[in-house]
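As the structure is a computational prediction, the values presented were derived from the model and not from experiment. Scope of the values below: all heavy atoms of this structure, side chains included, with no hydrogens, waters or symmetry mates.
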Amino acid sequence: MMRLLTGGTSPASSSFIFQPRSVDAFGSTVIAEGVDDKAKAYWVHAWTVGGDGVITQLREYFNTDLTVTRLAAAAASKCVWQSRRPDRARNSLPGLVLAL
């Protein structure tokens, strides 16, 4: 996906492996996350899928802890997904909240 989005064709860009460790879906949102140990990169892809099954939006995050929260009209916002990096205890990354 990275090569498609960036147009990168160099050997460095083709050596990155997108191998998902987990894929989760809730509503129209699909989250895939993975780690490329060789490149020392953690990534999360968040897709929004339309009613016809077509991806209408793609968000890509690298080396960022992600929390997905569903916002409600009342004060009862709910966390629906959090990053599950295996090295979380010893390696801190910037955090980001994706609000749905």
Exercise for review: Look at the side chain of Asn63 and the backbone N and O of Tyr42, then say whether any donor-acceptor pair between them is shorter than 3.5 Å.
Suggested key: yes
Practice item. Please answer: with hydrophobic residues joined when any side-chain heavy atoms are less than 4.5 Å apart, are Leu66 and Phe26 in the same cluster? Key: yes
Exercise for review: Check whether Val30 and Leu58 end up in the same hydrophobic cluster, where Ile, Leu, Val, Met, Phe, Trp and Tyr are linked by side-chain heavy atoms less than 4.5 Å apart.
Suggested key: yes
Check your understanding: What distance do Gln19 atom CD and Asp36 atom CG have between them, rounded to the nearest 0.5 Å?
Key -> 9.0 Å
Point to revise | Side-chain touch Leu93/Arg85, heavy atoms, less than 4.5 angstrom | key: yes
Check your understanding: Going through the checks in order, is the side-chain contact (heavy atoms from CB on, under 4.5 Å) test met by Thr64 and Val44?
Key -> CA-CA 8 Å; Thr64 302; Val44 176; over 6 Å; no
Point to revise | Thr67 side chain to Gln82 backbone, donor-acceptor under 3.5 Å | key: no
**Study point:** Between CZ on residue Arg70 and NZ on residue Lys78, distance to nearest 0.5 Å
**Key:** 8.0 Å
Review point. Hey, is the main chain of Thr48 close enough, under 3.5 Å, to the side chain of Thr56 for a donor-acceptor pair?
Key: yes
Check your understanding: Under 4.5 Å between side-chain heavy atoms, hopping through other hydrophobics if needed: is there a path connecting Val68 to Leu96?
Key -> yes
Practice item. Kindly indicate, with the supporting measurements, whether the criterion side-chain contact (heavy atoms from CB on, under 4.5 Å) is fulfilled by Tyr61 and Leu98. Key: CA-CA 11 Å; Tyr61 305 94; Leu98 174 61; 3.9 Å; yes
Exercise for review: Heavy atoms only: give me the nearest Ala32-Trp47 pair and the separation to one decimal.
Suggested key: CB-CZ3, 3.7 Å
Practice item. For the pair Asp24 and Arg84, find out whether any cationic side-chain nitrogen is under 4.0 Å from an anionic carboxylate oxygen. Key: yes
